[in-house]
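By convention in this document, chain letters (A, B, ...) are assigned in the order of the sequence lines, proteins followed by strands, and residues within each chain are numbered from 1.
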Protein chains: 2
Amino acid sequence: MTNLSIPALRQTCANCSLANLCLPVGLDQEDLKLLDNLVAKRRVLNKGEHVFDVGHPFDRLFTVRSGAFKTTVLNADGKQDIVGFYLPGELFGFDGISERKHQVTAQAIKTSSICEIPFEPLLRATGRIPDLLRQLFSLISEQTLPEAAIRLNHTAQQRLAAFLLSLSKRFKQCGYSETEFNLPMSREEIANYLGLAPETISRLLTHLYAEGILSINRRHIILNDLEQLQTIHCSGH
Amino acid sequence: MTNLSIPALRQTCANCSLANLCLPVGLDQEDLKLLDNLVAKRRVLNKGEHVFDVGHPFDRLFTVRSGAFKTTVLNADGKQDIVGFYLPGELFGFDGISERKHQVTAQAIKTSSICEIPFEPLLRATGRIPDLLRQLFSLISEQTLPEAAIRLNHTAQQRLAAFLLSLSKRFKQCGYSETEFNLPMSREEIANYLGLAPETISRLLTHLYAEGILSINRRHIILNDLEQLQTIHCSGH
DNA sequence: CGTTCTCTTGACAAGTCTCAATAATTGTGG
DNA sequence: CCACAATTATTGAGACTTGTCAAGAGAACG
């Protein structure tokens, strides 16, 4: 499942294939070396393993190198609500900055690997790397307006279409196909994230398949008509 | 409606009654003076007036001095979705950091006043004021995990209870009563924010009134039983 | 190869939306 | 200052989307 061999885990930010995605965007060779020294550990996690839990002290950020992660909170009902999915090249762990303790739990949803970036050294490095601070603010604030708010006023079909388009876009960004990929998460996880029942996801996928908009077999999905998916996202059909 | 007289608008961060809420938290007198010099303009807006629009260049943050603001996006359907409300002492405008252009539109929902904080000078000031950077990250990341995601998996009643409790808590924080206040927003705005129909809000409020949990007359609301409201938020009743 | 988990599909129930009418409030112009 | 218009809020009836419960099929796992 993992796309990275062990030697790949030893590589530096400078030759990381995701360098144009996570933090190093816009940094020159010199800056990259500085940043690379910060990235302390590169770690592999199996499905279900936790990166951190609610309440754990925050002292570093994480970037996905391969695989996928989800973040969850215990909601008022006492159930786990999925609040985010993270794909290769994406940064997570910001939730801990405010209280110096994590507000969410993060775990691998398949065998995955991450880079760890100590936060205090990172902040100190903003003094030496001019663009790093803006870069950081950028990455954080991008997550400030997540799809969550937008999901609320949409139908189940619109939400699912938006979700699939989001995955497509993000897989494309990290170099995979935008039309054919494996869903890293289960129907139940998608449902939870979108605020729907798993059965509804199943039915909607069947429906989209019947219309020829996509092909799906278990986790393997092919998006045949991105444009129509976009139309569904917008107008509901 | 406005709680501030004109002279009040000339006051400095150091003697602002909201100083312990917005940016200055934890700063000493010396730092406050530095910060105060940054706060360029204090401005009054009437109901409906825009602070900024989607696409407008971002170069400053805003704190609410009095009144209330909402931020909206044009969703896929072409309708305005409310993504946030801001009460006195709260900071907004972060949405523009990433793209250097605002991702949302911000407007006053009643006669209100704001302080403007130029962003670049603020970032430069983080070099001189040690705690300011963490403070900033703190405030931004607090908004990263908004109620939005949590709202999704809750019933209409749970969402409304959560919304009222949130308002209560925030009004308390800025020195108002936590049990009696005027809703700054209309039923329709509440509905939009919660992803419900305005009629549903009306019915739920009537229902909560019938149970003695709150009294409501137009915008004026009295929360008689915060605890039971909390119970509803959690278990649905 | 059986156990477990995930996914699919159906029938029914329930929550919420839409449409519509009315009432109350606010704003406006004479 | 009053009367009319426009907006906002309430309430009801019916429809529709989505959730719940249940059963069964298929895949994954040990």
Between A:E188 and B:A156, the residue closer to the 5' end of DNA chain C by nearest nucleotide is A:E188
Between CG of A:N182 and P of D:dA28 the distance, given in whole Å, is 11 Å
- Task: Verify the distance criterion only: is there a donor paired with an acceptor across the side chains of B:T155 and B:R159 at less than 3.5 Å?
- Result: no
In whole angstroms, the gap separating P of C:dC17 from CG of A:L152 amounts to 11 Å
- prompt: Under 6.0 Å between ring centres, would you say that holds for A:F52 and A:F62?
  reply: yes
If the cut-off is 4.0 Å, is A:R218 near the phosphate of D:dA28, judged by side-chain N/O to OP1 or OP2? no
To the nearest angstrom, the NZ-C1' distance between B:K79 and C:dC17 comes to 11 Å
When rounded to whole Å, the NE2 to C1' distance for the pair A:H154 and D:dT17 reads 16 Å
Exactly one of B:N192, B:T72, B:N75 clears side chain to side chain donor-acceptor pair (under 3.5 Å) with B:Q80, and that residue is B:T72
When rounded to whole Å, the CG to P distance for the pair A:L183 and D:dA28 reads 14 Å
Note: contacts of residues 194-207 of chain A with DNA chain C (heavy atom, under 4.0 Å) are A:E199, A:S202, A:R203, A:T206
inquiry  = Counting the atoms with a prime plus P, OP1 and OP2 as sugar-phosphate, which does B:R219 contact under 4.0 Å by heavy atoms, base, sugar-phosphate, or nothing?
reply    = sugar-phosphate
Comparing A:Q157 with B:K47, nearest DNA chain D nucleotide closer to 5' gives the residue B:K47
Interatomic distance, OG@B:S202 vs CD1@B:I190, rounded to 0.5 Å, equals 9.5 Å
Can you classify the ring geometry of B:Y176 versus B:F171 as parallel (below 30°), tilted (30 to 60°) or perpendicular (above 60°)?
perpendicular
So CG of B:L91 and OG1 of B:T63: to nearest 0.5 Å the spacing works out to 6.5 Å
In whole angstroms, the gap separating P of C:dA24 from CZ of B:R187 amounts to 15 Å
Rounded to whole Å, CD1 of B:I221 lies from C1' of D:dT8 at a distance of 16 Å
A:E116 bridged to A:R43 by N-O distance under 4.0 Å: yes
Atom NE2 of A:H220 and atom P of D:dA28 are separated, to the nearest Å, by 13 Å
